[in-house]
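Single-structure report; data block below.
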Amino acid sequence: MLLTIDIGNTNITLGLYSGDELCFVSRLATQRVRTRDEYAFELLNMFNLNALDPKKCRDAIISSVVPELTRAFKEAVEKVTKAKALVVAAGIKNGLKIAT
């Protein structure tokens with residue numbers, strides 16, 4: 001399974017995929033003062049609400065425009081799942097050439 005996370009200024013949107021199937025989409029309010037453990041608790045609840053085992057999540061990808069939450073959320077994902085979260089940011093080697 002692949003957990004996708006978009007951390008925005010207002011909301012954090014999460015989607016979980018099993019192959020091409022979207023298992024769930026959830027949203028959290030962006031709260032800059034929350035800790036890694038608080039976000040881990042929220043993630044665990046989302047998996048439980050959807051009757052899914054977080055340990056079956058092997059991959060995660062995070063995009064963020066809120067730098068102060070990126071590390072806390074990455075650590076929360078890695079604590080709850082078996083996934084090593086990839087953070088999409090400037091300078092990442094992804095093979096895409098962006099010329100703007």
Side-chain angles (χ1 to χ4, degrees):
M1 288 193 283
L2 169 67
L3 179 62
T4 60
I5 302 159
D6 177 33
I7 303 172
N9 288 311
T10 305
N11 289 303
I12 299 169
T13 306
L14 301 101
L16 183 73
Y17 290 88
S18 180
D20 289 338
E21 179 188 348
L22 179 61
C23 300
F24 73 79
V25 174
S26 293
R27 285 180 175 63
L28 297 170
T30 300
Q31 296 180 13
R32 297 167 196 266
V33 295
R34 281 190 149 181
T35 66
R36 173 201 66 185
D37 290 338
E38 289 172 308
Y39 280 119
F41 182 77
E42 293 289 350
L43 279 171
L44 192 54
N45 281 336
M46 284 181 210
F47 278 95
N48 289 335
L49 282 171
N50 292 283
L52 295 165
D53 180 3
K55 297 300 181 192
K56 290 186 178 177
C57 182
R58 300 282 188 218
D59 298 296
I61 189 161
I62 300 170
S63 77
S64 175
V65 296
V66 187
E68 58 267 42
L69 286 184
T70 306
R71 182 176 180 179
F73 222 96
K74 180 180 187 301
E75 290 173 356
V77 167
E78 292 174 354
K79 186 173 190 171
V80 170
T81 69
K82 289 192 176 206
K84 176 80 172 137
L86 171 68
V87 176
V88 178
I92 189 171
K93 305 284 187 214
N94 61 8
L96 296 175
K97 195 171 200 174
I98 300 172
T100 57

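None of the values given here were measured: they were computed from a predicted structure.
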Atom pairs and distances, side-chain donor-acceptor, residues 74-84, under 3.5 Å, sequence neighbours left out:
unit_1, atom_1, unit_2, atom_2, d
Lys74, NZ, Glu78, OE2, 2.8
Glu75, OE2, Arg71, NE, 3.0
Glu78, OE2, Ala85, N, 3.0
Lys79, NZ, Asp37, OD1, 2.9
Thr81, OG1, Val77, O, 2.7
Thr81, OG1, Ala83, N, 3.0

Which pairs of donor and acceptor atoms, one on a side chain in residues 1-24, lie under 3.5 Å apart (sequence neighbours left out)?
unit_1, atom_1, unit_2, atom_2, d
Thr4, OG1, Gly15, O, 3.1
Asp6, OD1, Ser63, OG, 3.0
Asn9, OD1, Arg32, NH2, 3.1

Next on the checklist: Per the side-chain hydrogen bond (donor to acceptor under 3.5 Å, both in side chains) rule, what does the pair list look like for residues 40-61, sequence neighbours excluded?
Outcome noted: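 Listed once each, the pairs are Arg34-Glu42.
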
Item to check | Leu52-Phe41 co-clustered via ILVMFWY side chain contacts under 4.5 Å | outcome: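 Different clusters.
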
Checklist entry - Hey, quick one: are Leu28 and Val66 part of the same hydrophobic cluster, counting side-chain heavy atoms closer than 4.5 Å, chains of contacts allowed? => result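 Leu28 clusters together with Val66.
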
Checklist entry - Excluding sequence neighbours, so at least two apart, what forms side-chain hydrogen bond (donor to acceptor under 3.5 Å, both in side chains) with Ser64? => result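 For Ser64 the side-chain hydrogen bond (donor to acceptor under 3.5 Å, both in side chains) partners, ignoring immediate neighbours, are Thr70.
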
Checklist entry - Tell me, which pairs form a ring pair (Phe, Tyr, Trp, His ring centres under 6.0 Å) where one or both residues lie in residues 58-78, sequence neighbours left out? => result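 Qualifying pairs: Tyr39-Phe73.
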
